[in-house]
Amino acid sequence: MTKEMKRPISNITQDSIKPLLSNAVEFYTNKNREAHKCIQERDEYINYLESKLSNAKQQQALPVVPDFVAEWIECVKEKNNNALALLDDDNMPDDVNEWLFFQRNDDNIKLILRAWLDGYTVEKPQLFYLVNTLTRQYLYRRDKVSFGEQGYCKDYDDKPLAYCLFTKQEIDSMQTGSYEQIEVEE
């Protein structure tokens, strides 16, 4: 007994496959777009986090200390590299001692220790000319104890002459009744 075989009839035609194929292509295209959008959002978020991190690093500026404190820090580092020696009253210069302890400012103690650990920048003092209000002459230093007056305080390149410049601290310690303070521009 042989079984007779007939060719199967297919209900699948080219026109019946096109909609299914089209749906599959649309499905994968949409999934590809979604994946691309997720990758783009991830990249934007990474850029955002990196910018926040770099801004946070920039905001952590080095502490600013006066030049005499910077000299003291370097002196202690050269001798024994021990942060506790920064606060040693016996060897400390008077100006540092006053800055740390006599001003009753605990922030200065924190500042010098932070400068030791993180590094520091040296404070640039604001400088002034002193001009006699009557003669319009500039006050200048002859030496540590004597002063004079002259009509100019800049060199040929229009740069201030160092012996004509005074800090606010120096001016406060002097009797400058007839002198006007003129701020030196950088």
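Index from 1, following the sequence.
- Under a 4.5 Å side-chain heavy-atom criterion applied to ILVMFWY residues, the cluster that includes F27 comprises Y28 as well.
- Here the rule is side chain to side chain contact (heavy atoms under 4.5 Å, CB included) with W72, and of D95, V96, D67 only V96 fits it.
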| Between D118 and R114, does a salt bridge (Lys or Arg N to Asp or Glu O under 4.0 Å) hold up when you go through it step by step? | CA-CA 6 Å; D118 301 336; R114 220 181 109 221; 3.4 Å; yes
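- Considering only heavy atoms from C-beta on, M174 stays 4.5 Å or farther from Y179 through its side chain.
- Heavy atoms only, all atoms of each residue included: V184 and P160 are closest at CG1-CG, 3.9 Å.
- Proximity of V131 to L139: side-chain heavy atoms (C-beta onward) are nowhere separated by under 4.5 Å.
- Other cluster members for I46: none, since no ILVMFWY side-chain heavy atom sits under 4.5 Å from it.
- Across every non-hydrogen atom of V64 and L111, the tightest pair is O-CD2, 3.5 Å.
- Atom CG in N108 sits 4.0 Å away from atom CH2 in W99 (nearest 0.5 Å).
- Within the 3.5 Å criterion, the main-chain N or O of D157 finds a donor-acceptor partner in the side chain of D155.
- Counting all heavy atoms, side chain and backbone alike, T167 lies closest to P125 at CG2-CB, 4.0 Å.
- One hydrophobic cluster, built from ILVMFWY side chains closer than 4.5 Å, holds both L117 and L100.
- Crowding of D94 atom CG: a count of heavy atoms from other residues, nucleotides or ligands under 6.0 Å not exceeding 12.
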Return a table of donor-acceptor pairs under 3.5 angstrom between the side chains of residues 29-45 and protein atoms on other chains or two or more places apart.
from : atom 1 : to  : atom 2 : distance (Å)
T29  : OG1    : V25 : O      : 2.7
N30  : ND2    : E26 : O      : 3.4

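- Residue pairs meeting the ring pair (Phe, Tyr, Trp, His ring centres under 6.0 Å) criterion with at least one partner in residues 144-165, sequence neighbours excluded, are Y140-Y163.
- Of all heavy-atom pairs spanning Q150 and L161, the tightest one is NE2-CD1, 4.0 Å.
- In this structure, the salt bridge (Lys or Arg N to Asp or Glu O under 4.0 Å) partners of E180, at least two apart in sequence or on a different chain, are R136.
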| field | Residue pair Y129, K154: steps toward the side-chain contact (heavy atoms from CB on, under 4.5 Å) verdict | value | CA-CA 11 Å; Y129 298 116; K154 293 186 178 184; 3.4 Å; yes
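- Cluster annotation: L113 is connected to F68 through the hydrophobic network of ILVMFWY side chains, with a link wherever side-chain heavy atoms come within less than 4.5 Å.
- The closest donor-acceptor contact from the side chain of Q137 to the backbone of G151 lies under 3.5 Å.
- Between the side chain of T133 and the main chain of S178, a donor-acceptor pair closer than 3.5 Å is present.
- Side-chain atoms of L130 and Q181, non-hydrogen and from C-beta on, do get closer than 4.5 Å to each other.
- Here A115 pairs with P63, V65, I73, Y120 under the side-chain contact (heavy atoms from CB on, under 4.5 Å) rule; sequence neighbours left out.
- For the atom pair L127 CG and C164 SG, the distance stands at 11.5 Å (nearest 0.5 Å).
- Taking every heavy atom of both residues into account, R141 and L165 meet most closely at NH1-O, 3.1 Å.
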